[in-house]
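Predicted, not measured: the structure shown is a model, and the values here were computed from it. Note: hydrogens, waters and symmetry copies are ignored here, and every other heavy atom, side chains too, is used.
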Amino acid sequence: MQRTTLGDFELTVVSDGGYYLDGGAMFGVVPKPMWEKRFPADEQNRLRLGLNTLIIRTGDRTVLVETGIGNKLNEKSVSIYGNEALLPKALEEAQVAPDDVDIVINTHLHFDHCGWNTILKDGCAVATFPRAQYYVQQGELERAHVQHERDRVSYLTDNYDPLVANGQMTLLRGDAEIIPGISVRVFPGHTRHHQAVIIRSQGQTACYIGDLIPTSGHLPPTWVMAYDLFPLDTIASRHQYYEEALPEKWLTVFTHDPKTPWAYVEKDEKDRLIARPVDQKK
């Protein structure tokens, strides 16, 4: 658990634990000798990634961004990904009970971003956070329902369809303010309707960038994932993000970085993008 303040808001990063994905898939066409200097792989070429959830306390609202993988994967999938399902314990340690959560925002609906949206009770998926309103882009839900052979493995309907059916999930059509100080902006690339969450308070800004920049090892604009459906859009979206985030000194929150959940993205003396760590408040 790591904590800092942003103006009047308190930001806390907690984790659902780690999981494995293939290193080549995570870095696409980037040669392994280049990316493994930043992110070493194991003997099976796998990377142990993070599953970072952001807690935003505004003073009168508690907001979660992303909910990890959850505990609904089948035995075969758990053996592949090695996920740990630690978010409930992490939230408890952060003193956040399920009934405390007012809002949940998913950047997109891949299983590793919305797994704890729901839990199973008597074999049925129900909201993990019974009082919360959930937010995602309508186009993302429509893509999930296509169940295309290219990415259907990433979309598990129990993570979101019950919330649509009971009215707890709000479907957005583009950029939107969720509550004062918290908004979403569509950054296409990983999926067509992938959204980032922008937090502003007292002249300070943070952004949960989601899978547009999944780790601090993915800062170069062309270092895109093989998982990205629209890699050229990813590159354009990263440039768009940096044009605003760098001069305004935004705090960037990384969804899958196991060691650096957030940092200030800057350029060094050689004009390379780097991640400057945040002074932590435990």
What about [X] and [Y], same hydrophobic cluster or not, with Ile/Leu/Val/Met/Phe/Trp/Tyr joined at side-chain heavy-atom distances under 4.5 Å?
X: Val30; Y: Ile213; value: no
X: Ile182; Y: Leu251; value: yes
X: Met169; Y: Tyr155; value: yes
X: Phe187; Y: Ile235; value: no
X: Tyr208; Y: Val13; value: yes

With no hydrogens and no angle check, is any side-chain donor or acceptor of [X] less than 3.5 Å from a backbone partner on [Y]?
X: Gln133; Y: Gln168; result: yes
X: His110; Y: Asp112; result: no
X: Gln137; Y: Gly174; result: yes
X: Asp22; Y: Ala25; result: yes
X: Lys72; Y: Gly115; result: yes
X: Thr260; Y: Trp262; result: no

Just wondering, do [Y] and [X] contact through their side chains at under 4.5 Å, heavy atoms?
X: Leu64; Y: Ile55; answer: yes
X: Ile179; Y: Val63; answer: yes
X: Tyr241; Y: Thr252; answer: yes
X: Leu109; Y: Arg143; answer: no
X: Pro261; Y: Phe254; answer: no
X: Tyr160; Y: Val136; answer: no
X: Glu66; Y: Asn52; answer: no
X: Thr255; Y: Thr107; answer: no

Does [atom1] belonging to [X] count more than 12 external heavy atoms closer than 6.0 Å?
X: Glu92; atom1: CD; result: no
X: Arg173; atom1: CZ; result: no
X: Lys89; atom1: NZ; result: no
X: Glu177; atom1: CD; result: yes
X: Glu248; atom1: CD; result: yes

Item to check | From Phe39, Tyr227, Phe27, residue fulfilling ring-ring contact (aromatic ring centres under 6.0 Å, His included) relative to His218 | outcome: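 Option passing the ring-ring contact (aromatic ring centres under 6.0 Å, His included) with His218: Phe27.
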Next on the checklist: Consider side-chain contact (heavy atoms from CB on, under 4.5 Å). Of Val224, Val29, Thr222, which one does Pro231 pass it with?
Outcome noted: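 Of the listed options, the one satisfying the test is Val224.
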On a heavy-atom basis, which atom in [X] and which in [Y] lie closest, and how many Å separate them?
X: Gly24; Y: Trp35; result: N-CZ2, 3.9 Å
X: Gln202; Y: Asp8; result: NE2-OD2, 3.0 Å
X: Leu163; Y: Ala127; result: CD2-CB, 3.6 Å
X: Ala132; Y: Ile103; result: CB-N, 4.1 Å
X: Arg200; Y: Trp250; result: NH2-CZ2, 3.7 Å
X: Val186; Y: Arg192; result: CG1-O, 4.1 Å

Drop me the distance from [X]'s [atom1] to [Y]'s [atom2], to the nearest 0.5 angstrom.
X: Glu140; Y: Gln195; atom1: CD; atom2: CD; result: 8.5 Å
X: Leu212; Y: Thr191; atom1: CG; atom2: OG1; result: 10.5 Å
X: Leu273; Y: Leu219; atom1: CG; atom2: CG; result: 6.0 Å
X: Tyr19; Y: Leu49; atom1: OH; atom2: CG; result: 5.5 Å
X: Ile199; Y: Leu11; atom1: CD1; atom2: CG; result: 6.0 Å
X: Ile198; Y: Asp175; atom1: CD1; atom2: CG; result: 7.5 Å

Next on the checklist: Could you go through Phe129 and Leu91, starting from their C-alpha distance and side-chain angles, then the distance that decides it, and tell me whether this counts as side chain to side chain contact (heavy atoms under 4.5 Å, CB included)?
Outcome noted: CA-CA 12 Å; Phe129 309 102; Leu91 290 174; 3.9 Å; yes
Scan side-chain atoms only and decide if [X] and [Y] contain a donor-acceptor pair under the 3.5 Å cut-off.
X: Asp158; Y: Thr118; result: no
X: Thr234; Y: Asp228; result: yes
X: Tyr134; Y: Asn117; result: no
X: His145; Y: Asp161; result: yes
X: His256; Y: Asp211; result: yes

Checklist entry - Tyr20 ring centre to Arg48 NZ or CZ under 6.0 Å, with the angle to the axis within 45°? => result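 That pair qualifies as a cation-pi contact.
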Next on the checklist: side chain to side chain contact (heavy atoms under 4.5 Å, CB included) for Tyr135 and Val184? Distances and angles first, verdict last.
Outcome noted: CA-CA 9 Å; Tyr135 292 84; Val184 297; 5.9 Å; no
Next on the checklist: Taking side chain to side chain donor-acceptor pair (under 3.5 Å) as the criterion, tell me which of Asp102, Asp99, Asp100 meets it with Arg131.
Outcome noted: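 For Arg131, the side chain to side chain donor-acceptor pair (under 3.5 Å) check succeeds only for Asp102.
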Next on the checklist: Angle between ring planes, His190 versus His108, binned at 30° and 60°: parallel, tilted or perpendicular?
Outcome noted: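 His190 and His108: perpendicular rings.
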